[in-house]
Amino acid sequence: MATPFSQPSLTRPNRVLGSTGSVFSTPRSLRFCGLRREALGFSPSNHLALRSDRIIVPSRRFEVSASSAAGNGAPPKSFDYDLIIIGAGVGGHGAALHAVEKGLKTAIIEGDVVGGTCVNRGCVPSKALLAVSGRMRELQNEHHMKSFGLQVSAAGYDRQGVADHANNLATKIRNNLTNSMKALGVDILTGFGSVLGPQKVKYGKDNIITAKNIIIATGSVPFVPKGIEVDGKTVITSDHALKLESVPDWIAIVGSGYIGLEFSDVYTALGSEVTFIEALDQLMPGFDPEISKLAQRVLINPRKIDYHTGVFASKITPAKDGKPVMIELIDAKTKEPKDTLEVDAALIATGRAPFTNGLGLENVNVVTQRGFIPVDERMRVIDGNGKLVPNLYCIGDANGKLMLAHAASAQGISVVEQVSGRDHVLNHLSIPAACFTHPEISMVGLTEPQAREKGEKEGFKVSVAKTSFKANTKALAENEGEGIAKMIYRPDNGEILGVHIFGLHAADLIHEASNAMALGTRIQDIKLAVHAHPTLSEVLDELFKAAKVESHATARTEDAKAKLNMDEDDLRSGDDEKQDSVIKDLIVISTSPSSFIENIYARVLSLVSRILV
Amino acid sequence: MAASSSSFLPTPSLSNSKSTISFASSVSPPLRRVVFRSSTPSSSHRRVMTVRSKIREIFMPALSSTMTEGKIVSWIKTEGEKLAKGESVVVVESDKADMDVETFYDGYLAAIVVGEGETAPVGAAIGLLAETEAEIEEAKNKAASKPSSSSAVVPSPPPPATSSPAPPAIAQPSSDSPRKTVATPYAKKLAKQHKVDIGSVAGTGPFGRITASDVEAAAGIAPSVAPPPPPTAAAPTAKATTSNSPPLLPDSSVVPFTAMQSAVSKNMIESLSVPTFRVGYPVNTDALDALYEKVKPKGVTMTALLAKAVGMALAQHPVVNASCKDGKSFSYNSNINVAVAVAINGGLITPVLQDADKLDLYLLSQKWKELVGKARSKQLQPHEYNSGTFTLSNLGMFGVDRFDAILPPGQGAIMAVGASKPTVVADKDGFFSVKNTMLVNVTADHRIVYGADLAAFLQTFAKIVENPDSLTL
């Protein structure tokens, strides 16, 4: 449920670059190479070569974008499409865009509205509400205002206005999404889609189409435990809450994960009192314990919030016949009745359940596990006998690997890479996650206990570095010194295992760490990178500098290279032809003379790209 | 009462504390440290209980003169953890700063009575300290069935919430008996904060639930108009002015009060509730001036001379050194602490010369210099500016011949001293002469100090000043 809408804006510059490339008729991948050389002048050339096989992607992209401009490719053989995506949420959208870039004739099937949960009932509208709550909170904090020398008379809000803001944002993003797909020539087919058999899909009443490959991206719906009666008015899920049809005086939130936390931020800012009901013994399970402790001090304790931990809400009855909402609590372990709460409303934020019913999975012999579609690490669907179903993939919440919008999108891109002939395995550990409370919480990789457990098992040391927002100039200028950043790493080789941030704009700050992890950058390398002063990014700068990597760990160690090579080999085993081509690419890049002309091209291109971006 | 709040302060550990409490740190105050000294059962004659077990209460320390309650930012130690003397135990946030509070004793942190993020009035027990591990359990039981003893040691005028001996509601939100009192989360928080027994509050909210305003009514506090953060002292006045005053003229600017200015403002508004009157008196200062010339090279200041004279006069008129706390009784102070008003950059502070009647002139002068130095560098300790029993305000150096002072809350009288000027006077034989005369004007609380009292006090003061030899004794 985070911010996945980088897709259109990210790809556009690339496309521009690609087309300019054709104007200049540069050798492929040269521009990237040149840029890289500029950026990393000190890195050894063989390393450069190693990296550059990732870099080939954009160059291919350029070829394809030329062909896609010609009209979504020609239907190959007897299939209607190269790729059909069932579900036009963020995952499906990301996959569709990438597929078009790869030159695949693509269709996307949507039974509801384009955008899925994230855009219509999730991250997007909730960000609108949180933007309001952040401002309300700030304006109501007399002390905070005074410390700026600002004077504000009582802050108030208009519920309908706030709700409209959320709704308008969702509409706008939905339109952007639809337009971006239409503009690229993705066919948007309306109606519920289901799998009829291998490479065959039905949508709407009885439209049957075929495709070389099928991606299931049907997402999820709010999970409501049994015993809870949702009426959409007083007992609601996030779907209803985001419409903000009322602001109850007192609302119980069942579940203190990030959905619950974000809503508690919204409701308390708008004047509600909140009671959390958490089945585990601690609030905010899933976060790094240290972060959740600090977050509790800032996000829960000083606010009009109380909580019951270690209890289940076994029965929730909506308000009716002049009675309030009744919540029966039972002990999570002994199942004995513990208490009954009477509140004005209850929000069920107990997680999300996959939306996979009626998908026709039985036609391809697939058995869901608690509703989730089983997949392997390449998102290939596994059938009831543990065998791979050919040409069928499942991404996003429906496979349950990592229920985040941007994870779905990344999985979709990974699948498109595979079906267009490049093997790809997504590293889920480098996918960041964020919770948009005030201040925000963000994380990537392992928590400290997870890392310590792994270290113990695999026999490496684990260290932790921490920095505080209190020491950051920009944070102090904003009077927002509350917060910490924490990095878990291996002191022996400088590998980053996890980063957790709680503080102002944590959700934006995490990407430096997640990118470093995705690219395998070691602390000893990234700590030399320069950060503008004064910015919040210096919190991470400090963090990298605070880490104590043992001196024998060299920058970009040999073993890291070896490992990368091995990975690549693994991926390509049994595919000699491709291997060859990759090697050829490597040779071309690493041995190509960095001639004067080439440099000029690179410079011009980088300039052009700067101007156009 | 001031004395009791000063008992939390760190005489011995002052030297090793890195910074001290300041009264006006409005901008991002650094973490400061103070030491609490829990009252030992044996030394406290106010409480007889728990003599045998060495369980000490950790009190919410008074970190500033205006602090009525403090918020626990965090407990550095957890329950059951061993503490060594001088270790930081808890971080307390006052209206001015976050401060590490150190323990004054070795022992174990037996129980945390007031949790993180919660607030407690100054002087309320926030935790229990056991001397041995064996006593932890006992302390815990004690914390659970917290006796009302803490109300006895609540100093000075924190909110009237402690009037009822209700046990603090430390019960967890639910867990215990399924008795149906329904209270909202904020109502529970407030009840805990103001030590209101939630069970005794009648709920008027929807479905008969107890709301925040019910608890506020039960605690006898005005319903807070302010949003969640605990309303600061200056809030009501600020609100009143913004809502009632006519719009500002163009180009004029609004400068919010600093913490010190807010404190002054609050005190001034409070002073309106005291019925005061004024008595003036001319004092011949020829002899005092002569003495001043003599002792000046030894570092004696006029302030010290006047404070000493006032101290000696007060010693003979204890009622002028008394105060009226509740409108029903005289509170005679055991010490004569003369507070002297000093203007410092953008504010006003009253460093206190303690035992002004007893200290000799030279010590007093030395002490005064020290205090002024601290005041300028904003390093006065609370007891150095809030323990006054009588205030002296001197504007003579500006040529002011007479003025009228406002009585600070908590004191019985204040003396306004004008400049000493050559004045033509006629003596009892009708001879004119020119003598240096200074006009003093005392403002006093008429509930306890009557006209004759003040007149007699002034007469004594004039006598001392006119025959100042006793000052040097």
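Letters go in sequence order (proteins before strands), and every chain restarts at 1.
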A.B. asks: About how many Å separate NZ of A:K293 and CD of B:E116, when rounded to the nearest 0.5 Å?
C.D. replies: 6.0 Å
A.B. asks: Okay, side chain of B:K189, backbone of A:N301: is any donor-acceptor separation there less than 3.5 Å?
C.D. replies: yes
A.B. asks: Within a radius of less than 6.0 Å around CZ of A:R159, do more than 12 heavy atoms belonging to other residues, nucleotides or ligands occur?
C.D. replies: yes
A.B. asks: Evaluate the side-chain contact (heavy atoms from CB on, under 4.5 Å) criterion for residues A:D344 and B:F207: first the C-alpha distance (whole Å), next the side-chain angles of each, then the deciding distance (0.1 Å), finally the verdict.
C.D. replies: CA-CA 10 Å; A:D344 296 322; B:F207 312 107; 4.0 Å; yes
A.B. asks: Begin with the C-alpha distance, continue with both residues' side-chain angles, and end with the deciding distance and a verdict on salt bridge (charged side-chain N to carboxylate O under 4.0 Å, His left out) for A:D249 and B:R209.
C.D. replies: CA-CA 12 Å; A:D249 291 340; B:R209 78 168 67 124; 5.3 Å; no
A.B. asks: Please flag which part of A:V298 lies under 4.5 Å from any non-hydrogen atom of chain B: side chain, backbone, both or neither.
C.D. replies: neither
A.B. asks: Looking at CG of B:L190 and NZ of A:K304, how far apart are the two atoms once the value is rounded to the nearest 0.5 Å?
C.D. replies: 8.0 Å
A.B. asks: Is it the side chain or the backbone of A:V311 that comes within 4.5 Å of chain B heavy atoms, both, or neither?
C.D. replies: neither
A.B. asks: With heavy-atom distances below 4.5 Å as the criterion, would you say the side chains of A:T275 and B:P185 are in contact?
C.D. replies: yes
A.B. asks: Would the number of heavy atoms belonging to other residues, nucleotides or ligands and lying under 6.0 Å from CD of B:E118 be above 12?
C.D. replies: yes
A.B. asks: Measuring heavy-atom distances to chain B, does A:L150 have an atom under 4.5 Å in its side chain, in its backbone, in both, or in neither?
C.D. replies: neither
A.B. asks: Could you check whether any side-chain heavy atom of A:W250 comes within less than 4.5 Å of a side-chain heavy atom of B:V182, counting everything from C-beta outward?
C.D. replies: yes
